[in-house]
Amino acid sequence: MKKGRLEAFSDGVIAIIITIMVLELHVPHGDEWQDLAPLLPKFLSYVLSFILVGIYWNNHHHMLAACQRVNGAILWSNLNLLFWLSLMPFGTAWMGESHFAKWPVVLYGGILIMNGVAYTILCRLLIKEAGEGSPIAIALGRDWKGQASIAIYTLAIVLAFVNPLLAFGLYIAVAMLWLIPDRRIERNVAEGDYKE
(Lines give C-alpha, C1' and ligand atoms only; values in the text may rest on other atoms or scores of the structure.)
Protein backbone atom coordinates (compact mmCIF):
# COMPACT_ATOMS: atom_id res chain seq x y z
CA MET A 1 0.00 0.00 0.00
CA LYS A 2 1.11 3.54 -0.60
CA LYS A 3 1.80 5.74 2.39
CA GLY A 4 -0.07 8.92 1.38
CA ARG A 5 -3.30 8.23 3.28
CA LEU A 6 -1.36 7.21 6.38
CA GLU A 7 0.57 10.49 6.32
CA ALA A 8 -2.51 12.64 5.69
CA PHE A 9 -4.56 10.95 8.42
CA SER A 10 -1.70 11.18 10.92
CA ASP A 11 -1.14 14.86 10.17
CA GLY A 12 -4.83 15.56 10.72
CA VAL A 13 -4.98 13.71 14.04
CA ILE A 14 -1.84 15.40 15.33
CA ALA A 15 -3.22 18.83 14.37
CA ILE A 16 -6.41 18.05 16.32
CA ILE A 17 -4.37 16.89 19.35
CA ILE A 18 -2.50 20.21 19.44
CA THR A 19 -5.75 22.15 19.05
CA ILE A 20 -7.39 20.29 21.94
CA MET A 21 -4.39 21.00 24.17
CA VAL A 22 -4.48 24.75 23.58
CA LEU A 23 -8.21 24.86 24.34
CA GLU A 24 -7.37 23.93 27.94
CA LEU A 25 -5.69 27.32 28.39
CA HIS A 26 -8.58 29.49 29.59
CA VAL A 27 -8.45 33.28 29.70
CA PRO A 28 -8.03 34.62 33.26
CA HIS A 29 -10.88 36.59 34.82
CA GLY A 30 -8.77 39.64 35.69
CA ASP A 31 -6.88 42.08 33.53
CA GLU A 32 -3.62 42.35 35.46
CA TRP A 33 -0.35 40.47 34.86
CA GLN A 34 -0.64 38.72 38.22
CA ASP A 35 -3.93 37.18 37.03
CA LEU A 36 -1.85 35.02 34.70
CA ALA A 37 0.14 33.45 37.58
CA PRO A 38 -2.37 30.66 38.32
CA LEU A 39 -2.17 29.64 34.66
CA LEU A 40 1.61 29.11 34.75
CA PRO A 41 1.50 25.35 35.55
CA LYS A 42 -1.04 24.80 32.76
CA PHE A 43 1.04 26.87 30.36
CA LEU A 44 4.27 25.01 31.20
CA SER A 45 2.49 21.67 30.76
CA TYR A 46 1.11 22.85 27.44
CA VAL A 47 4.50 24.06 26.16
CA LEU A 48 6.18 20.75 27.03
CA SER A 49 3.38 18.71 25.44
CA PHE A 50 3.34 20.92 22.33
CA ILE A 51 7.08 20.37 21.91
CA LEU A 52 6.78 16.61 22.45
CA VAL A 53 3.88 16.23 20.00
CA GLY A 54 5.81 18.39 17.54
CA ILE A 55 8.84 16.13 17.91
CA TYR A 56 6.70 13.07 17.18
CA TRP A 57 5.15 14.78 14.16
CA ASN A 58 8.58 15.80 12.83
CA ASN A 59 10.11 12.35 13.31
CA HIS A 60 7.00 10.64 11.92
CA HIS A 61 7.26 12.81 8.81
CA HIS A 62 10.95 12.05 8.29
CA MET A 63 10.50 8.36 9.00
CA LEU A 64 7.72 8.01 6.43
CA ALA A 65 9.74 10.00 3.89
CA ALA A 66 12.39 7.26 4.13
CA CYS A 67 9.96 4.39 3.52
CA GLN A 68 8.37 3.34 0.25
CA ARG A 69 5.29 1.37 1.29
CA VAL A 70 3.15 0.33 4.24
CA ASN A 71 1.10 -2.74 5.13
CA GLY A 72 -1.82 -3.55 7.43
CA ALA A 73 0.40 -4.10 10.48
CA ILE A 74 1.98 -0.69 9.93
CA LEU A 75 -1.45 0.94 9.65
CA TRP A 76 -2.53 -0.58 12.99
CA SER A 77 0.80 0.31 14.58
CA ASN A 78 0.39 3.90 13.41
CA LEU A 79 -3.12 3.96 14.94
CA ASN A 80 -1.60 2.67 18.18
CA LEU A 81 0.84 5.61 18.18
CA LEU A 82 -1.96 8.07 17.43
CA PHE A 83 -4.03 6.61 20.27
CA TRP A 84 -1.30 7.27 22.82
CA LEU A 85 -0.61 10.71 21.36
CA SER A 86 -4.33 11.48 21.64
CA LEU A 87 -4.08 11.00 25.43
CA MET A 88 -1.55 13.84 25.66
CA PRO A 89 -4.23 16.56 26.04
CA PHE A 90 -5.79 14.74 29.00
CA GLY A 91 -2.46 14.12 30.74
CA THR A 92 -1.35 17.68 30.02
CA ALA A 93 -4.54 19.22 31.39
CA TRP A 94 -4.56 17.12 34.57
CA MET A 95 -0.89 17.76 35.29
CA GLY A 96 -1.27 21.51 34.79
CA GLU A 97 -4.55 21.76 36.66
CA SER A 98 -3.11 19.90 39.64
CA HIS A 99 0.05 22.06 39.69
CA PHE A 100 2.28 19.02 39.10
CA ALA A 101 0.82 16.76 41.79
CA LYS A 102 2.22 13.25 42.11
CA TRP A 103 -0.44 11.12 40.36
CA PRO A 104 -0.99 13.43 37.38
CA VAL A 105 2.78 13.57 36.82
CA VAL A 106 2.95 9.77 37.07
CA LEU A 107 0.09 9.37 34.58
CA TYR A 108 1.76 11.83 32.21
CA GLY A 109 4.96 9.78 32.39
CA GLY A 110 3.00 6.62 31.66
CA ILE A 111 1.51 8.25 28.56
CA LEU A 112 5.00 9.32 27.47
CA ILE A 113 6.33 5.77 27.92
CA MET A 114 3.49 4.33 25.85
CA ASN A 115 4.10 6.93 23.12
CA GLY A 116 7.76 5.90 23.06
CA VAL A 117 6.91 2.20 22.92
CA ALA A 118 4.32 2.77 20.17
CA TYR A 119 6.80 4.80 18.13
CA THR A 120 9.45 2.09 18.52
CA ILE A 121 6.99 -0.59 17.35
CA LEU A 122 6.11 1.52 14.30
CA CYS A 123 9.81 1.97 13.49
CA ARG A 124 10.47 -1.77 13.77
CA LEU A 125 7.52 -2.64 11.50
CA LEU A 126 8.59 -0.09 8.88
CA ILE A 127 12.10 -1.56 8.92
CA LYS A 128 10.69 -5.10 8.68
CA GLU A 129 8.56 -4.13 5.67
CA ALA A 130 11.44 -2.37 3.91
CA GLY A 131 14.19 -4.84 4.83
CA GLU A 132 17.25 -4.64 7.07
CA GLY A 133 19.47 -3.06 4.42
CA SER A 134 16.85 -0.52 3.36
CA PRO A 135 17.30 3.24 3.54
CA ILE A 136 14.94 3.49 6.52
CA ALA A 137 16.78 0.75 8.43
CA ILE A 138 20.11 2.45 7.80
CA ALA A 139 18.75 5.90 8.67
CA LEU A 140 17.05 4.84 11.92
CA GLY A 141 20.03 2.82 13.11
CA ARG A 142 19.88 1.47 16.67
CA ASP A 143 17.50 4.19 17.95
CA TRP A 144 19.51 4.86 21.11
CA LYS A 145 17.52 8.04 21.77
CA GLY A 146 14.23 6.11 21.77
CA GLN A 147 15.56 3.54 24.22
CA ALA A 148 17.11 6.20 26.45
CA SER A 149 13.85 8.18 26.45
CA ILE A 150 11.81 5.25 27.71
CA ALA A 151 14.40 4.58 30.43
CA ILE A 152 14.39 8.23 31.53
CA TYR A 153 10.59 8.34 31.58
CA THR A 154 10.58 5.24 33.79
CA LEU A 155 13.07 6.86 36.16
CA ALA A 156 10.95 10.03 36.18
CA ILE A 157 7.86 8.08 37.23
CA VAL A 158 9.78 6.62 40.17
CA LEU A 159 11.07 10.09 41.09
CA ALA A 160 7.54 11.50 40.93
CA PHE A 161 6.80 9.66 44.18
CA VAL A 162 9.64 11.61 45.81
CA ASN A 163 9.33 14.97 44.03
CA PRO A 164 6.99 15.42 41.03
CA LEU A 165 8.91 18.51 39.87
CA LEU A 166 12.05 16.38 39.45
CA ALA A 167 10.04 14.05 37.24
CA PHE A 168 8.75 17.01 35.22
CA GLY A 169 12.37 18.15 34.86
CA LEU A 170 13.30 14.76 33.39
CA TYR A 171 10.40 15.01 30.93
CA ILE A 172 11.86 18.35 29.83
CA ALA A 173 15.33 16.75 29.56
CA VAL A 174 14.01 14.12 27.15
CA ALA A 175 12.38 16.82 25.03
CA MET A 176 15.71 18.67 24.91
CA LEU A 177 17.43 15.44 23.86
CA TRP A 178 15.08 15.17 20.88
CA LEU A 179 15.30 18.85 19.98
CA ILE A 180 18.89 18.20 18.95
CA PRO A 181 18.10 17.10 15.41
CA ASP A 182 19.15 13.72 14.13
CA ARG A 183 19.81 14.52 10.50
CA ARG A 184 20.44 10.95 9.32
CA ILE A 185 17.03 10.41 7.75
CA GLU A 186 16.83 13.89 6.25
CA ARG A 187 20.38 13.72 4.92
CA ASN A 188 20.08 10.20 3.57
CA VAL A 189 16.74 10.74 1.86
CA ALA A 190 17.83 14.07 0.37
CA GLU A 191 21.17 12.77 -0.90
CA GLY A 192 19.96 9.34 -1.90
CA ASP A 193 23.18 8.09 -0.31
CA TYR A 194 21.90 5.93 2.51
CA LYS A 195 24.88 5.99 4.84
CA GLU A 196 24.58 5.59 8.60
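Hydrogens, waters and symmetry mates are skipped; everything else that's a heavy atom, side chains included, is used. From a predicted model like this one, the values you see are computed outputs, not experimental measurements.
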Participant: Do the side chains of Asn163 and Leu159 get nearer than 4.5 Å, heavy atoms only?
Facilitator: no
Participant: Mind checking the CG-CH2 spacing from Leu52 to Trp178? Nearest 0.5 Å is all I need.
Facilitator: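 If we round to the nearest 0.5 Å, Leu52:CG and Trp178:CH2 are 11.0 Å apart.
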Participant: Looking just at side-chain N and O atoms, do Trp76 and Asn80 make a donor-acceptor pair shorter than 3.5 Å?
Facilitator: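 No donor-acceptor contact under 3.5 Å links the two side chains.
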Participant: Side-chain heavy atoms under 4.5 angstrom apart, residues restricted to Ile, Leu, Val, Met, Phe, Trp, Tyr: same cluster for Leu107 and Val158?
Facilitator: no
Participant: Go through the steps to decide whether Lys145 and Val174 satisfy the test side-chain contact (heavy atoms from CB on, under 4.5 Å), and finish with yes or no.
Facilitator: CA-CA 9 Å; Lys145 283 205 279 191; Val174 172; over 6 Å; no
Participant: Using every non-hydrogen atom in the two residues, find where Met63 and Cys123 come nearest and quote the distance to one decimal.
Facilitator: SD-SG, 3.2 Å
Participant: Take a 6.0 Å sphere around NE2 of His26 and say whether it holds more than 12 heavy atoms from other residues, nucleotides or ligands.
Facilitator: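 More than 12 heavy atoms, drawn from other residues, nucleotides or ligands, come within 6.0 Å of this atom.
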Participant: Closest approach of Ser77 and Leu125, non-hydrogen atoms and distance?
Facilitator: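 Here Ser77 and Leu125 meet closest at CB-CD1, 3.4 Å.
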Participant: If hydrophobic clusters are built from ILVMFWY residues whose side chains come within less than 4.5 Å, do Phe50 and Leu40 share one?
Facilitator: yes
Participant: Please name the pair of heavy atoms, one in Pro104 and one in Ala101, separated by the smallest distance, quoted to 0.1 Å.
Facilitator: CD-O, 3.3 Å
Participant: Does one hydrophobic cluster hold both Ile20 and Met88, with members joined at side-chain heavy-atom distances below 4.5 Å?
Facilitator: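 In one cluster with Ile20: Met88, no.
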Participant: For Gly54, does its backbone N or O pair with a side-chain atom of Asn58 as donor and acceptor, under 3.5 Å?
Facilitator: no
Participant: Nearest 0.5 Å, please: how far is OG1 in Thr120 from CG in Asp143?
Facilitator: 5.0 Å
Participant: Looking at Leu6, is its backbone amide N or carbonyl O close enough to the side chain of Ser10 to form a donor-acceptor pair, meaning the two atoms are under 3.5 Å apart?
Facilitator: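 Yes.
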Participant: Looking only at heavy atoms, which two atoms of Val105 and Phe168 are closest? And how far apart?
Facilitator: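 In this case the closest contact between Val105 and Phe168 is CG1-N, 4.4 Å.
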Participant: How about Phe9: does its CZ atom have over 12 heavy atoms from other parts shown lying under 6.0 Å from it?
Facilitator: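 Incorrect, the count does not exceed 12.
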Participant: Do any N or O atoms from the side chain of Asn78 and from the backbone of Ile74 form a donor-acceptor pair under 3.5 angstrom?
Facilitator: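 Side chain of Asn78 to backbone of Ile74, a donor-acceptor pair under 3.5 Å: no, none is there.
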Participant: Just so I know, are the side chains of Asp35 and His29 near enough to count as touching, which here means a heavy-atom distance under 4.5 Å?
Facilitator: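 Answer no - side chains too far apart.
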Participant: Sequence neighbours excluded, which residues qualify as salt bridge (charged side-chain N to carboxylate O under 4.0 Å, His left out) partners of Arg69?
Facilitator: Glu129
Participant: Would you name the heavy atoms of Gly131 and Ala137 that are closest together and state the gap between them?
Facilitator: O-CB, 3.6 Å
Participant: Strictly distance-based, threshold 3.5 Å: is any side-chain N or O of Tyr171 a donor or acceptor partner for the main-chain N or O of Gly109?
Facilitator: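 Yes, Tyr171 side chain to Gly109 backbone: donor-acceptor pair under 3.5 Å.
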Participant: Between Lys3 (side chain) and Cys67 (backbone), is there a donor-acceptor pair under 3.5 Å?
Facilitator: yes
Participant: Show your reasoning for whether side-chain contact (heavy atoms from CB on, under 4.5 Å) applies to Met21 and Ile18.
Facilitator: CA-CA 5 Å; Met21 284 191 311; Ile18 289 173; 4.3 Å; yes
Participant: Roughly how far, to the nearest 0.5 Å, is the CD1 atom of Ile14 from the CG atom of Leu85?
Facilitator: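 Output value for this atom pair is 6.0 Å.
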Participant: Side-chain heavy atoms nearer than 4.5 Å, only ILVMFWY residues, links allowed to pass through others: does that put Val162 and Val106 together?
Facilitator: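 No, it is not one cluster - the side chains of Val162 and Val106 are not joined through contacts under 4.5 Å.
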Participant: As an exercise, state the distance from CD1 of Ile17 to CG of Leu82, rounded to the nearest 0.5 Å.
Facilitator: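 The CD1 atom of Ile17 sits 6.5 Å away from the CG atom of Leu82.
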Participant: What is the minimum heavy-atom distance between Gly110 and Ile157, and which atoms define it?
Facilitator: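 The answer is N-CD1, 3.5 Å.
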Participant: Kindly write out the residues that satisfy salt bridge (charged side-chain N to carboxylate O under 4.0 Å, His left out) with Glu24, not counting sequence neighbours, or none if the list is empty.
Facilitator: none
Participant: Looking at Arg5, I want to see if its CZ is surrounded by more than 12 non-hydrogen atoms of other residues, nucleotides or ligands under 6.0 Å.
Facilitator: no
Participant: Report the C-alpha distance between His60 and Leu122 in whole Å, list the side-chain angles of each, state the deciding distance to 0.1 Å, and finish with yes or no for side-chain contact (heavy atoms from CB on, under 4.5 Å).
Facilitator: CA-CA 9 Å; His60 188 270; Leu122 179 59; 3.9 Å; yes
Participant: Examine Ile51 and Phe43 and state if one hydrophobic cluster contains both, with Ile, Leu, Val, Met, Phe, Trp and Tyr joined whenever side-chain heavy atoms are less than 4.5 Å apart.
Facilitator: yes
Participant: When rounded to the nearest 0.5 angstrom, what distance separates CZ in Phe100 from CG in Leu165?
Facilitator: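 Going from the CZ atom of Phe100 to the CG atom of Leu165 covers 7.0 Å.
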Participant: What's the separation between atom CD1 in Ile152 and atom CD in Gln147, rounded to the nearest 0.5 Å?
Facilitator: 12.0 Å
Participant: Tell me the side chain to side chain donor-acceptor pair (under 3.5 Å) pairs involving residues 39-57, sequence neighbours left out?
Facilitator: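 Of all non-adjacent pairs touching residues 39-57, those that pass side chain to side chain donor-acceptor pair (under 3.5 Å) are Asp11-Trp57, Lys42-Glu97, Ser49-Thr92, Ser49-Tyr108.
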Participant: Assess the residue pair Leu44 and Leu48 against the criterion (side-chain contact (heavy atoms from CB on, under 4.5 Å)); give the C-alpha distance rounded to whole Å, side-chain angles, the decisive distance to 0.1 Å, and a yes or no.
Facilitator: CA-CA 6 Å; Leu44 292 175; Leu48 176 60; over 6 Å; no
